[in-house]
Enquirer: 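Structure below; questions to follow.
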Amino acid sequence: MKIGYPCVNETLDCSAATTFRLASYTDERVVTTVTNNLACLQRILEFNVQHGLLFFRIGSGIVPFGSHAVNTFPWQTEFAPQFRAIGDYIKAEQMRISFHPDQFVVLNSPDPGIVERSIAELVYQGSMLDLMGLDSTAKLQIHVGGLYGDRDVAIERFIATYRTLPEAVQVRLVIENDDRLFSLRDCLRVHEAVGIPILFDNFHHECLNHDEPMQEALRLAAGTWHPTHDGVLMMDYSSQQLGERKGKHTSSLVEERFREFVTHLNGLDVDMMLEIKDKEASALRAVAILRELGLAAPLPLSASV
DNA sequence: TCGAGTCAAGGCTAT
DNA sequence: ATAGCCTTGACTCGA
């Protein structure tokens, strides 16, 4: 089991998400920004290895305007060596990597322009995985999209669009059950049509479900991942912040809830992304708990905790 | 130097 | 019809 956290490291004094405004776009700023972001990404990955965190979600903004028409700079070739070096490090340390394109990526939109921009963003993020030399067990995770008043039509439109995607995107794309619109059961319908794996979010499942017990939901989601092509089930873990709106993530790991959740795994191997506000701090607590339970590998000898 | 407003992109829900 | 929310950091400008 690999444990991770998304995008941002709060311990280090660098950011892999520096950017700038569209209005101030220049090729030179792309160069300086990507250089800075990749250098910071490498530092974050090294921090993670030293602390036994072998799953990481890379932020969408490594290359500013990476899928926008304004950016015609050939960053794919100019930064090929840097991407390759990071990919080599990831493979050497056997880390798992994901991207989570944000809410603007909507493959089932009825607006062709939105679909076109969404595909461009997936191609951009997938091409970073290609440049790193990572295989199809590194994933791009998105939601099914909008309802537009008709669930069946919305799902059919997702399926139709999925079939038109470039293969490099198809082999890496996974869908995540969300907390308001498309449940695990809806995602399973999409999976049955096109074979896409389902990234399981335990908290979303608590918010929106059809009475599938957690252990059963995990089993269903895990069954959508091909062991060699896709790797073990990726999941997002979070829990409800008490006293807040339903769906609000906790600010830090609630240890008792986490221990309870782990019992539902019942031996299932997963790679777990902790979607918790305090990032690596909670991820480290999770690793400690799993280690105590014998479910996570001990720290490497080189680790400095 | 610091605080406030704003930033490429979407869609749902409450009012 | 329209504002607010999701979720979030970082840029940018003006004081």
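Everything quoted here is computed from the prediction, not taken from an experiment. Order of the sequence lines fixes the chain letters, A, B, ..., with proteins taken first and strands second; residue numbering starts at 1 for each chain.
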Enquirer: Name the pairing partner of C:dA10, where a pair is Watson-Crick or G-U wobble with both distances under 3.5 Å, or state none.
Expert: B:dT6
Enquirer: A:His68 has an atom NE2; how far is it from atom P of B:dC7, in whole Å?
Expert: 14 Å
Enquirer: Could you work out the separation of B:dG11 and C:dA10 based on their C1' atoms and round it to a whole Å?
Expert: 24 Å
Enquirer: Same cluster or not: are A:Val153 and A:Ile155 linked, directly or through other Ile, Leu, Val, Met, Phe, Trp or Tyr residues, by side-chain heavy atoms under 4.5 angstrom apart?
Expert: no
Enquirer: Could you please name the option among C:dG9, B:dG10, B:dA8 that lies closest to any side-chain atom of A:Ser67?
Expert: B:dA8
Enquirer: State which of B:dG11, C:dT12, B:dA8 makes the closest approach to the side chain of A:Val106.
Expert: B:dG11
Enquirer: Is A:Arg29 close enough to C:dT12 that one of its side-chain N or O atoms is under 4.0 Å from OP1 or OP2 there?
Expert: yes
Enquirer: Tell me the interatomic distance from A:His143, atom NE2, to B:dC12, atom C1', rounded to whole angstroms.
Expert: 14 Å
Enquirer: Take atom P in C:dT12 and the same atom in B:dA9, then report the distance between them in whole Å.
Expert: 16 Å
Enquirer: Between A:His143 and A:Phe182, is the ring centre distance below 6.0 Å?
Expert: no
Enquirer: If you measure from the P atom in B:dG3 to the same atom in C:dT7, how many Å do you get, rounded?
Expert: 27 Å
Enquirer: For the pair made of CG in A:Asp179 and P in C:dC6, what is the distance, rounded to whole Å?
Expert: 11 Å
Enquirer: Can you check whether A:Phe104 stacks with the B:dA9 base, using ring centres under 5.5 Å and planes within 30°?
Expert: yes
Enquirer: Can you check the A:Glu10 CD to C:dT8 P distance for me, whole Å?
Expert: 10 Å
Enquirer: Starting from P on B:dG11, measure out to CD on A:Gln103 and report it in whole angstrom.
Expert: 10 Å
Enquirer: For atom P, what is the distance between C:dA3 and B:dC7, given to the nearest Å?
Expert: 15 Å
Enquirer: Charged N to carboxylate O below 4.0 Å: is that the case for A:Arg257 and A:Glu260?
Expert: yes
Enquirer: I'd like to know whether the aromatic ring centres of A:Phe56 and A:Phe47 sit less than 6.0 Å apart in this structure.
Expert: no
Enquirer: Measure the distance from OH on A:Tyr148 to P on B:dC12 and round it to the nearest whole Å.
Expert: 6 Å
Enquirer: OP1 or OP2 of C:dT12 versus the side-chain N and O atoms of A:Ser24: is any pair under 4.0 Å?
Expert: yes
Enquirer: Please state how far atom CG in A:Asp102 lies from atom P in B:dA9, giving the value in whole angstrom units.
Expert: 11 Å
Enquirer: Taking atom C1' in both B:dT1 and C:dT8, what distance in whole Å separates the two?
Expert: 23 Å
Enquirer: Write down the distance separating the P atoms in B:dG5 and C:dG4, rounded off to the nearest Å.
Expert: 13 Å
Enquirer: Compare the minimum distances between each of B:dA8, C:dC11, B:dT13 and the side chain of A:Leu181, then state the nucleotide with the smallest one.
Expert: B:dT13
Enquirer: Does the side chain of A:Val270 come within less than 4.5 Å of A:Met1's, by heavy atoms?
Expert: yes
Enquirer: Does any donor-acceptor pair link the side chain of A:Arg21 with the base of C:dC11 at a separation under 3.5 Å?
Expert: yes
Enquirer: Given the rule in the salt bridge (charged side-chain N to carboxylate O under 4.0 Å, His left out) test, do A:Glu46 and A:Arg43 qualify, once you have shown the distances and angles that lead to the verdict?
Expert: CA-CA 5 Å; A:Glu46 289 170 4; A:Arg43 287 185 58 200; over 6 Å; no
Enquirer: Figure out the CG/C1' separation between A:Asn9 and C:dT8, and round it to whole Å.
Expert: 16 Å
Enquirer: With the side chain of A:Ser109 defined as its heavy atoms from C-beta on, choose the nearest nucleotide among B:dG11, B:dA8, C:dG9.
Expert: B:dG11
Enquirer: Where the side chain of A:Ser15 is defined as all heavy atoms beyond and including C-beta, which of C:dA10, C:dC11, B:dA8 is the nearest nucleotide?
Expert: C:dA10
